[in-house]
2 protein chains.
Amino acid sequence: MDFERADALNQAIRHLTLRHRARAAALLAPLDLHPGQEVLLLELARTGPMIQAKLSEALGCEPPSVTLMARKLEAAGHIRRKPAPSDRRASVVELTDSGTALAGRIKQLWSTLAEETVTGLPAETVAALPGILMTIADNLDTRRPHQHSQHPPA
Amino acid sequence: MDFERADALNQAIRHLTLRHRARAAALLAPLDLHPGQEVLLLELARTGPMIQAKLSEALGCEPPSVTLMARKLEAAGHIRRKPAPSDRRASVVELTDSGTALAGRIKQLWSTLAEETVTGLPAETVAALPGILMTIADNLDTRRPHQHSQHPPA
DNA sequence: CGCATAATGTTATGCGCATAATGATTCTGT
DNA sequence: ACAGAATCATTATGCGCATAACATTATGCG
């Protein structure tokens, strides 16, 4: 690919990244949350209590990041950590009542953000977008080599 | 928009963000650069010497970020800062020979990255992608209120 | 069983990015 | 001409994210 097109693409991704995060930060600020933390709460709300290693995989970031985010969310009273019953290394993380309530509010902000995001795009583009972006993310994933499976493994 | 679709979109954007940055970091590491710095060098290579305020606008990040990145790139010998002739507040930033050479290498990595990014996507999607992403970034932009100069391709 | 290896979580450190506050200049309105 | 507002750059601080090094516990294999 020639540099012009490559640069246009990379730069578009960069700006998208910065603006999406900035807009998320603005929406989350009234809840006293920083971007990144909301994903942890949403994941717990979706899947239920889980160990930090699983959280790390679900969020797509490394364990030390989870440690720090969890510590802050715990200090804020939104999550709780307790020893895993069958593994004394691990901690099970779960939502508190406060965290559950917060997750509900986040879901609404999340919809607002998504609507703002796709404003002005044709419906078919909007429909195709998540798949396209997931493919791209998968192409760039260095942890799991590279496979694109829409269906859960048998 | 219902939460399912909103979440799919936001999560896709998040993962795209993390992976694109991680892949860029891996490609830039041999050059002793961190992601973000390469954009500064490319902008100087494209547009020529400029004031830091202009750089800040071009990179889409805030002036303090530019100050720190520029300091490190200057320490590495890739850029040079000198007082602006007609404004004693400002500093003009320009590439050194080392920085110019480095920009050339970055351009190649940039093409590699873009190719990896769009692997497996149909050509028409690849062609439309930069426009779509720019529209999205523009939708989310809080600095410039709300103006998209070019509409997405038909 | 015992021991090497893997997995879980933590601390330490570093970078990019942000906002807020500060010090210098330059610009503007009257 | 001058006071006040806007602009340029910097420092301080905080967060998310990363990697590296470490201690603790699980596990697989001889």
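Below, chains carry the letters A, B, ... as their sequence lines are ordered, and counting in each starts from 1.
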Gap between atoms [atom1] and [atom2], on [X] and [N] respectively (whole Å):
{"X": "L68(B)", "N": "dT19(C)", "atom1": "CG", "atom2": "P", "answer": "14 Å"}
{"X": "M69(B)", "N": "dG14(C)", "atom1": "CE", "atom2": "P", "answer": "19 Å"}
{"X": "R21(B)", "N": "dC15(D)", "atom1": "CZ", "atom2": "C1'", "answer": "13 Å"}
{"X": "E62(B)", "N": "dA21(C)", "atom1": "CD", "atom2": "P", "answer": "15 Å"}

Assess whether atom CG of D97(A) is packed by more than 12 heavy atoms of other residues, nucleotides or ligands within 6.0 Å. no
Salt bridge check, [Y] against [X]: does any charged N sit closer than 4.0 Å to a carboxylate O?
{"X": "D141(B)", "Y": "R23(A)", "value": "no"}
{"X": "E94(A)", "Y": "K82(A)", "value": "yes"}
{"X": "E74(B)", "Y": "R71(B)", "value": "no"}
{"X": "R19(B)", "Y": "D138(A)", "value": "no"}

S98(B) and H78(B): side chain donor to acceptor below 3.5 Å: yes
Any chance the side chains of N10(B) and H20(A) put a donor and an acceptor closer than 3.5 Å? yes
Near DNA chain D, under 4.0 Å by heavy atom, which residues of residues 22-53 of chain A? H34(A), P35(A), Q37(A)
Got a sec? Which of residues 72-93 of chain A come in under 4.0 Å of DNA chain D, heavy atoms? K72(A), D87(A), R88(A), R89(A)
From C-beta outward on P64(A), which listed nucleotide comes closest to its side chain: dA20(D), dC17(D), dA18(C)? dA20(D)
Watson-Crick or G-U wobble partner for dA3(D), using a 3.5 Å limit on both distances? dT28(C)
Watson-Crick or G-U wobble partner of dG30(D), both distances under 3.5 Å: dC1(C)
Between T67(A) and L18(A), name the one whose nearest nucleotide on DNA chain C is closer to the 5' end. T67(A)
Closest non-hydrogen atoms of P30(B) and L27(B), given as atom of the first, atom of the second and distance, are CD-O, 3.2 Å
